[in-house]
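Below, chains carry the letters A, B, ... as their sequence lines are ordered, and counting in each starts from 1. Excluded from the calculations below are hydrogen atoms, water molecules and symmetry mates; all remaining heavy atoms, backbone and side chain alike, are included.
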Amino acid sequence: MNVHDVLIIGAGLAGQRAALAAAEAGASVAIVSKVHPVRSHSVAAAGGINASLGAGDSWEEHAGDTVKGSDYLGDQDAIELMCTEAPGEIVHMEHLGVPFHRDEHGRLSMRPFGATSRPRTCYVADITGQAILHVLYEQLLGHRERIERFEEWFVTRLLLDDEGACAGCIARDVRGGDLRLLPAKSTILATGGAGQCYRPTTNASICTGDGIALAYRIGAPLMDMEMIQYHPTTLPVAGILITEGARGEGAHLLNAQGERFMERYAPAKMELASRDVVARAEQTEIEAGRGFPDGTVALDITKVPRRRTIEALREIVNIGRDFAGVDITREPIHVRPSMHYTMGGVRVDTDGATSISGLYAAGETACLSVHGANRLGGNSLLDTLVFGRRAGAHAARRAYETAAPTVAEAALADEEGRIEAIVARGPGGRRLPSMREELGRTMHAHGGMARDAEGLRTAHETVLRLKEEAGNVSIDDRGRLFNHDILGVLELENTIDVAEAIVVSAKERSESRGGHFRTDFPERDDGTWLRHIAVWSDGTGVPAITHHPVTVTRWPVQARSY
Amino acid sequence: MAQYTLRLRRFSPETRPEPWWEEVPIDLDPHRSVLDAILDARDRDGTIGIRYSCRAAICGSCGVRVNGRPGLACHRQLGEAAQSSRDGVITVEPMGNMPVLKDLIVDMDAVHWAKIGQVRPWLVVDRPAPEREHLVPHETMVDLTQSMACIQCGACVSDCLSMEVDPPFVGPAALAKAYRFVADPRDAASRERLEDLSDNPHGLYDCTHCFNCIDACPKGVAPMDQIMRLRRTAGSDHGIEDPNNGQRHARGLVDNVRRNRLLDETELLAASYGGRLNPRLLPVVLSSLPALVVALARGKVKVGDLVRLRRRRDGGLRRYFEIVEGRSERIELKLYVSGREDDPGSPAKTPTAAGTSEDAAPSAPGSDAGRPRSGTPRRS
């Protein structure tokens, strides 16, 4: 059987960056993605990517902003690493062909973004993620001899060898329905976040936390799972994102009375305070009756010169026109906060290694933690590239020192049986759409922007019930070609497991910090809670909880205001 | 809530050998997307196959034909789709020019991605990278942004008329991708790329300017514009001789008008095939004789036209040639302008063509009819 040195699950920015790094290190690489790589949700990252490349900027300042943005839950050693490697990584992307926009001297241009002390966000109009994703895919095509691509293959489980090390995975060909063993010396999870645990969400329907759930099931701890980011500016229909770049370019937020309400919440940074602060301010305005009847506030982009908007915010001009019927260059557009990002994930070190030998994670799937309790805009793309590269390089190094794993063919037969049992289910169980809806609405209501003990208890009960019911979801499609019913069942199981980890962690943290706001514990409590919460599956069926200290290097913990 | 009917093209080779139509009632608001309607139908029948993901016209998964026009299902609103349909029923079919695998899912690997693979789709570098970023003009990067806004959805490939009759044609998406490298000052293989495209018998001059790709594109990439720019860059900037007839035809037309002051079509045929003495010309002339006989019989061509050159008075034509050829920079004729009434529609100079000037930046085809709301495509 062909054993790859490095197996990568997920082909967004983190996965593709890892694949390139591993291939450049001489490894044979397999990259598996349940959708074509350019459909990955990294494509939707709009505003840009942070690096201290501007005159007078420094990595220390970038790191300081990130630490403060994280509400001091970020691990400062990891943040230092990310910020020192940022300039080199972005210049490398430029060399590969990303058409970053320029200043008048032809150097990289930087736009202001939320909670940064100076303009630090490099961009390609407002399609930065798309531009980088497509350029990385170009490179993947250029490395055909080293990188084997499994496009439209869904990973159903990870494999462990006799010593408990990860030995690859089993994947199902979405196109034809075949199951296949993909043994590997090193395996990297890069499947993005778990937005589909929530409704509404800015995340694509593919963001079902697959990698987080796969790792959780074989005993890897998940960290900071209670830290969920709501993005301040999303359209009320379908949670479509309006980039933070709009506020970076100078747009204002107004309530229904026309007040620039951020004056009351963040007098210094105004609209460019951190996302948790801006989102909460909007929610406060809306709940106090100062929003619009559709439960929104207004984002006024007409403050930005029209020509600049059309050039630098090209995509949201289209989005405003096509999805809201609004010409954003001439009138304000209604927005509200929606679930956007999973700060937590599989606990890893700075090489992307998880606690399970041979298993790595990178990007939104992983948690270092560089984002702590609140991620800064422009740091997620950076996270995917810096730690995707590190994971790819380290996984390749490990592969050199490791013998090919032996995997039991029996595992394949077991998995075949599991899938066939799903197909053979009779009608009578709940239908997939209603279960997705109930999970998402419940998590939004009780595990969203404002949480309390009672709501979290309700959410936990619901999640456990859904877990039971998921074992009997009815499906219509019994074929093998593009059977999205089977995929839907497996994805639902993944979102439910991730939702459980989120709720259990949120119940545990009896304080408010960053994206985690407890109405019953509204203050930050550094004495008790300057700690990470990790949950893991010890086989008992009840998630085990451990605490880990936060690494503080040079930025002392202090009160946070913008 | 409004009541709509979807007419879905179904195909499930595992259960039925032939495709069939299925009508599904939909209860959704008019501003919801056609994708929402398909997913609503799928909630009741999980066997309906469609690729989708972001629901925001950025991932490029849900390319289909709605009422016969290609685009993203998430990018068309139900109310508009119902209005633009002849019988009020919204017809959804898989995209064209690609084999259908199941229902609305087509084999993009077999056609679209295979063609992308033909244009060496990665940046070619031939010297060590600078320590920092390359110093390049902002305008060039903005210009690249237009072709890089392509999300590889395949809508342009779906309705490319040239590809329909000539499947090996490289096609709109792959040529727009090629332009992205040719126009990138960091690429070391621009000339090679243009030479390869020129040598390809199904390359630059296979495009027949039907505008379908421009209408189809949900992101304003305007593939046909990029193809025209590749032609001009190859022929005018690099002086590359295209062995296909298209380039000779275009040059022959200009020379012909310059000399005769009016188009003399009998000369043009010869010019397109490499001159009167070119052996390739004879079979073409012979094969067009029946048409010529019919044209003569119906008085559309007179015998005198074939033998006599009718010189016309200049009529100021020389001055047009002087103006155009006297310019130091090439004027990019923007064939597709999506401007609003208060935007200046003046032509942009190379290389800051479509994409930088205000009237062309945001993608023109909108969600509704795939046409800009304020202004229709200006075609020349």
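Just one residue in the list B:Lys102, B:Glu14, B:Arg42 forms a side-chain contact (heavy atoms from CB on, under 4.5 Å) with A:Asp477, and that residue is B:Lys102. For the pairing with A:His340, the side-chain hydrogen bond (donor to acceptor under 3.5 Å, both in side chains) check across A:Thr202, A:Thr233, A:Thr234, A:Asn203 returns one residue only, A:Thr202.
For A:Arg39, the parts lying near chain B are the backbone and the side chain together; criterion is any non-hydrogen pair under 4.5 Å. Of the two parts of A:Leu432, neither the backbone nor the side chain holds a non-hydrogen atom closer than 4.5 Å to a non-hydrogen atom of chain B. In this structure, chain A has no heavy atom under 4.5 Å from any part of B:Asp36. In this structure, the portion of A:Ile240 lying under 4.5 Å from any heavy atom of chain B is its side chain and not its backbone. A:Phe100 touches chain B through its backbone: at least one of N, CA, C or O sits under 4.5 Å from a heavy atom, while the side chain does not. Heavy-atom distances place no part of B:Arg120 under 4.5 Å from chain A, backbone and side chain included. Residue A:Val174 does not touch chain B at all, counting heavy-atom pairs closer than 4.5 Å. Only the side chain of B:Leu144 comes within contact range of chain A, with heavy atoms under 4.5 Å apart. B:Asp43 touches chain A through backbone and side chain together, each having a heavy atom under 4.5 Å away. Of the atoms belonging to A:Ile127, it is side-chain heavy atoms, and not backbone ones, that fall under 4.5 Å from chain B. For a residue to count as touching a neighbouring chain, one of its non-hydrogen atoms must lie under 4.5 Å from one of that chain's; by this rule B:Leu101 touches chain A with backbone and side chain alike. Of the two parts of B:Arg55, the backbone and the side chain both hold a non-hydrogen atom closer than 4.5 Å to a non-hydrogen atom of chain A. If you measure heavy-atom distances from A:Val35 to chain B, you find no contacts under 4.5 Å at all. Residue A:Glu315 touches chain B through its side chain alone, counting heavy-atom pairs closer than 4.5 Å. Interface residue A:Arg175: only side-chain heavy atoms are found under 4.5 Å from chain B. With a threshold of 4.5 angstrom between heavy atoms, B:His134 approaches chain A through its backbone and through its side chain. With a threshold of 4.5 angstrom between heavy atoms, A:Val43 approaches chain B through its backbone and through its side chain. Using a 4.5 Å cut-off between heavy atoms, B:Ile48 does not touch chain A at all.
For the residue pair A:His484 and B:Tyr52, no side-chain donor N or O sits within less than 3.5 Å of a side-chain acceptor on the partner. Checking B:Arg10 against B:Thr47 by side-chain atom types alone, a donor-acceptor pair falls below 3.5 Å.
Of the listed residues (A:Arg480, A:Arg431, A:Glu138), the greatest number of heavy-atom pairs within a distance under 4.5 Å of chain B belongs to A:Glu138. Among B:Ala56, B:Cys74, B:Cys54, the residue with the largest count of heavy-atom pairs under 4.5 Å with chain A is B:Ala56. In terms of heavy-atom pairs under 4.5 Å with chain B, the best-connected choice from A:Gly142, A:Ala44, A:Gly239, A:Ala125 is A:Gly142. Ranked by heavy-atom pairs under 4.5 Å with chain A, the first of B:Val136, B:Leu123, B:Thr145 is B:Val136. Most heavy-atom pairs under 4.5 Å with chain A, from the set B:His31, B:Arg51, B:Lys177: that is B:Arg51. Listed options B:Met108, B:Glu131, B:Arg44 were ranked by heavy-atom pairs under 4.5 angstrom with chain A; first place goes to B:Arg44. Contact count versus chain B (heavy atoms, under 4.5 Å) is highest, among A:Leu481, A:Ile206, A:Asp485, for A:Leu481. Interface remark: of the candidates A:Val124, A:Leu241, A:Asn483, A:Leu53, A:Leu53 forms the most heavy-atom pairs closer than 4.5 Å to chain B. Considering only heavy-atom pairs separated by less than 4.5 Å from chain A, the leading option among B:Ala149, B:Cys153, B:Ser12 is B:Ala149. Taking chain A as the reference chain and counting heavy-atom pairs below 4.5 Å, the highest number among B:Ala57, B:Gly60, B:Gly117, B:Pro13 is found for B:Gly60.
With hydrogens and angles disregarded, a donor-acceptor distance shorter than 3.5 Å links the side chain of B:Arg186 to the backbone of A:Val98. With A:Arg478 contributing its side chain and A:Val423 its backbone, the two residues share a donor-acceptor pair below 3.5 Å. Panel note: side chain B:Ser33, backbone B:Arg76; no donor-acceptor pair is recorded below 3.5 Å. Judged by distance alone, with hydrogens and angles left aside, the side-chain atoms of A:Ser52 form no donor-acceptor pair with the main-chain N or O of A:Asp57 at under 3.5 Å.
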(message) Please evaluate residues A:Arg102 and B:Glu133 with respect to the criterion salt bridge (Lys or Arg N to Asp or Glu O under 4.0 Å), reporting the C-alpha separation (whole Å), side-chain torsions for both, the decisive distance (0.1 Å), and the verdict.
(response) CA-CA 10 Å; A:Arg102 307 293 162 139; B:Glu133 70 270 28; 5.2 Å; no
(request) For B:Asp40 and B:Arg32, run salt bridge (Lys or Arg N to Asp or Glu O under 4.0 Å): C-alpha distance rounded to whole Å, both residues' side-chain angles, the deciding distance at 0.1 Å, then the answer. (result) CA-CA 11 Å; B:Asp40 184 59; B:Arg32 299 289 294 278; over 6 Å; no
(request) Test side chain to side chain contact (heavy atoms under 4.5 Å, CB included) on A:Asp322 and B:His75 and set out the steps. (result) CA-CA 7 Å; A:Asp322 298 339; B:His75 203 221; 2.5 Å; yes
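Scanning both residues, A:Arg111 and A:Gly47, for their nearest heavy atoms gives NH1-O, 2.9 Å. Heavy-atom minimum distance, B:Ala37 versus B:Leu78: CB-CD2, 3.7 Å.
Note: A:His36 and A:Tyr137 have perpendicular aromatic rings, judged against thresholds of 30 and 60 degrees for the angle between ring planes.
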